[in-house]
Amino acid sequence: MEKGQSYKLTIEDMSTEGQGIGRVEGLAVFVDGAIVGDVVLAEIIKLKKNYALGRLVEIIEPSKQRIEPACRYAKDCGGCSLQSLDYKGQLKLKKKMVEDKLTRIGGIQNPVVHDIIGMEKPWRYRNKAQFIVSAAAGLTDGPGGPVSVGFYRAKSHQVINCDECLIQSEPAEKLAGVLREYMRTDNISAYDNKTGKGLIRHLIVKTAFGTGEIMAVLVINGKGLPNMEKLVYMMDDAIDEISPDPDTGIEFTLESVVLNINKKKTSEIIGEKFITIAGKQTILEQVGGLNFEISPMSFFQVNPVQMVKLYDKVLEYASLTGEETVFDLYCGVGTIGLYSAMHAKRVIGIESVKSAILDANRNAVINRIVNAEFIHGKAEEELPKLLEQGVRADVVILDPPRAGCTLKVLNAVAEVQPDRIVYVSCDPATLARDIKILGEKGYRFVEAQPVDMFPWTEHVETVVLMCASSEAGRC
């Protein structure tokens with residue numbers, strides 16, 4: 001194989017980044033834009049010892065699963081890497097991703113992985129949109145110069161000016177359009193991350209599908225915005241124009257507009273200071289029979305429809321009878337813990353982010369749940385304290401970030417000696433790594449249930465049940 005030469009490939013698999021994988025002379029070749037089942041002509045653009053990168057030159061024979069992307073930005077925007085693969089094919093691919101990682105990294109032969117739980121309507125599912133506002137490569141010309149409000153191009157920091165995104169909520173799309181118009185007519189500058197100059201950096205829109213309440217957060221490189229009242233009225237009018245949800249009849253209302261001050265020349269999106277310029281400081285969401293207050297900093301599952309299915313599976317694996325003590329680690333704003341509290345004797349959540357713990361305890365009060373408490377701190381430090389107090393858990397729920405659990409946390413969990421561990425993961429690789437470590441500490445992998453929280457992207461959420469090795473069967 002030579003760099004610069006083109007080769008005919010049959011795409012046999014796909015990577016976790018959505019690249020097609022074929023082989024030439026036994027060497028894996030990763031090709032952007034190719035999907036499973038394609039026969040393609042690819043030019044080798046990078047040649048390494050163990051793999052190569054190819055540029056798609058021609059699709060010689062399209063896969064039976066290949067479809068025309070519904071989004072007109074699919075070839076440019078880096079948000080949805082699986083737009084050319086039909087939904088049935090996406091679900092099959094994601095299940096295989098979980099199986100492969102559990103086998104190769106977790107060391108589990110023939111792991112029990114159930115068919116992935118998909119969505120009936122895999123569009124407009126995101127309740128949080130995070131638009132980048134950029135002066136670079138802008139497509140909307142006005143008095144303030146070129147402005148892009150959208151998302152990064154794949155593998156770059158160039159912002160694609162997207163006036164439509166089919167996985168975001170309609171209110172988020174409308175408010176992004178309002179921001180473009182406001183910046184154009186009022187000569188408002190966009191932030192330039194190279195120079196550190198320009199005013200508006202990001203627009204974050206949170207949509208509560210259960211109540212219709214909307215929050216808009218404007219991240220700015222300054223103290224305030226000119227003509228803020230005008231912008232709020234424009235946003236309010238835009239939301240009022242949206243028809244009620246056809247399935248639920250819920251009407252959308254703009255309930256909160258917040259400024260976030262971030263003057264640091266950094267890649268961090270959110271600054272430390274928040275100023276509510278209109279409406280409430282929080283919005284209310286209703287999911288699974290519970291109420292949740294959502295603040296600008298709150299982490300909440302971005303797909304509330306699938307969240308209920310995910311948490312129902314967590315409860316099934318936890319096998320709660322009302323007599324158990326549950327430790328909810330990396331508990332965030334308490335969603336899983338509160339969902340579990342209705343079926344457990346006691347729930348103790350632990351989270352290192354203080355604002356999340358404040359939200360979690362507030363949400364417990366809102367829902368009149370008295371058997372759940374949430375502790376601020378690191379799990380590896382708080383778990384030994386609980387053990388010293390004589391508090392033990394029958395079930396430990398783990399829901400870490402993409403990087404997975406630290407070894408210290410896994411060691412601390414093993415010291416607790418729960419009967420069952422329920423692991424919720426958004427990354428099959430770190431999930432498999434941690435399951436292997438827990439296996440070495442006396443816990444047996446039982447089964448996994450993938451849930452499609454992010455249709456059209458390469459991401460997959462997975463719930464795993466692990467039992468103490470002394471337990472027989474499904475525990």
Side-chain angles (χ1 to χ4, degrees), residues 70-80 124 126-154 156-207 214-222 224-243 252-262 269-270 275 277-279 296:
C71 176
R72 64 179 182 273
Y73 299 107
K75 293 181 180 179
D76 296 318
C77 176
C80 298
R124 301 291 186 190
R126 287 189 63 95
N127 59 18
K128 179 184 176 183
Q130 196 161 275
F131 296 96
I132 306 127
V133 182
S134 174
L139 301 178
T140 304
D141 293 327
V147 173
S148 287
V149 180
F151 309 101
Y152 286 126
R153 185 185 294 275
S156 82
H157 282 89
Q158 181 186 357
V159 179
I160 303 299
N161 194 63
C162 301
D163 60 5
E164 181 182 52
C165 179
L166 299 178
I167 65 171
Q168 303 292 352
S169 71
E170 188 178 355
E173 204 173 81
K174 290 283 188 182
L175 293 184
V178 167
L179 183 60
R180 290 187 191 93
E181 179 65 13
Y182 161 73
M183 294 180 72
R184 184 185 68 81
T185 58
D186 285 54
N187 197 24
I188 308 298
S189 60
Y191 183 74
D192 188 326
N193 58 15
K194 292 183 179 179
T195 65
K197 296 180 179 180
L199 183 57
I200 301 184
R201 303 176 68 136
H202 291 88
L203 168 66
I204 300 169
V205 182
K206 298 191 175 189
T207 304
I214 309 296
M215 172 184 284
V217 181
L218 289 150
V219 184
I220 62 172
N221 177 41
L225 284 176
N227 299 328
M228 285 191 294
E229 186 174 330
K230 173 187 174 181
L231 176 59
V232 172
Y233 278 123
M234 290 173 66
M235 287 183 164
D236 198 37
D237 288 344
I239 298 300
D240 284 345
E241 292 174 359
I242 301 174
S243 300
F252 294 110
T253 58
L254 183 65
E255 295 290 339
S256 178
V257 181
V258 179
L259 288 185
N260 174 257
I261 312 301
N262 183 3
I269 295 171
I270 298 291
I275 304 169
I277 61 174

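In what follows, residues are counted from 1 in the order of the sequence shown. The basis for the numbers below is simple: all heavy atoms, side chains too, and nothing from hydrogens, waters or symmetry mates.
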task = Please check if the side chain of Thr253 supplies one atom and the backbone of Glu255 the other of a donor-acceptor pair under 3.5 Å.
result = no
inquiry  = Looking at Gln168 and Arg126, would you say the former's side chain and the latter's main chain have a donor-acceptor pair under 3.5 Å?
reply    = no
ask   = Just by distance, do the side chain of Asp192 and the backbone of Lys194 share a donor-acceptor pair under 3.5 Å?
value = yes
message = Do Val205 and Lys128 have side chains that approach each other closer than 4.5 Å (heavy atoms only, starting at C-beta)?
response = no
Single hit among Val149, Ile132, Asn193, Val133 for side-chain contact (heavy atoms from CB on, under 4.5 Å) with Val159 = Ile132
request  = Check whether any side-chain heavy atom of Val147 sits under 4.5 Å from a side-chain heavy atom of Arg184, and report yes or no.
outcome  = no
message = Measuring from atom CZ of Arg201 to atom CD1 of Ile270, what distance do you get when rounded to the nearest 0.5 angstrom?
response = 10.0 Å
request  = Kindly compute the distance separating CZ (Arg124) from SG (Cys165), expressed to the nearest 0.5 Å.
outcome  = 7.5 Å
remark   = Tightest non-hydrogen contact, residues Asn161 and Ser148, listed as OD1-CA, 3.1 Å
task = With the side chain counted from C-beta on, respond yes when Tyr152 and Gln158 share a heavy-atom pair under 4.5 Å apart, and no when they do not.
result = no
query = Hey, would you say the Phe131 and His202 ring centroids sit under 6.0 Å apart?
reply = no
note = Closest non-hydrogen contact found for Val219 with Asn262 is CG1-CB, 3.8 Å
request  = Taking the side chain as every heavy atom from C-beta outward, state whether Ile167 and Cys80 have any atom pair closer than 4.5 Å.
outcome  = yes
inquiry  = Test your reading of the model: is there a side-chain donor-acceptor pair from Asn221 to the backbone of Gly198, 3.5 Å cut-off?
reply    = yes
query = Which heavy atom of Asn260 sits nearest a heavy atom of Ile269, and at what distance?
reply = OD1-O, 4.3 Å
request  = Could you tell me whether the side chain of Tyr182 reaches within less than 4.5 Å of the side chain of Pro226, counting heavy atoms only?
outcome  = yes
query = Does a side-chain heavy-atom distance below 4.5 Å link Leu225 with Leu259?
reply = yes
Sidechain-backbone polar pair: Ser169 side chain, Asn127 backbone, donor-acceptor under 3.5 Å = no
request  = Quick one: closest heavy-atom pair of Leu175 and Ala216, and the distance?
outcome  = CD1-CB, 4.0 Å
key: Heavy-atom check, side chain of Arg180 versus side chain of Asp163, under 4.5 Å   = yes
query = Would you say Lys230 has more than 12 foreign heavy atoms packed within less than 6.0 Å of its NZ?
reply = yes
Interatomic spacing from CD in Glu164 to CD in Glu170 - rounded to 0.5 Å = 10.0 Å
Salt-bridge present (Asp76, Arg153; N to O < 4.0 Å) = yes
Check: Leu218 and Met235 side chains under 4.5 Å, non-hydrogen atoms = yes
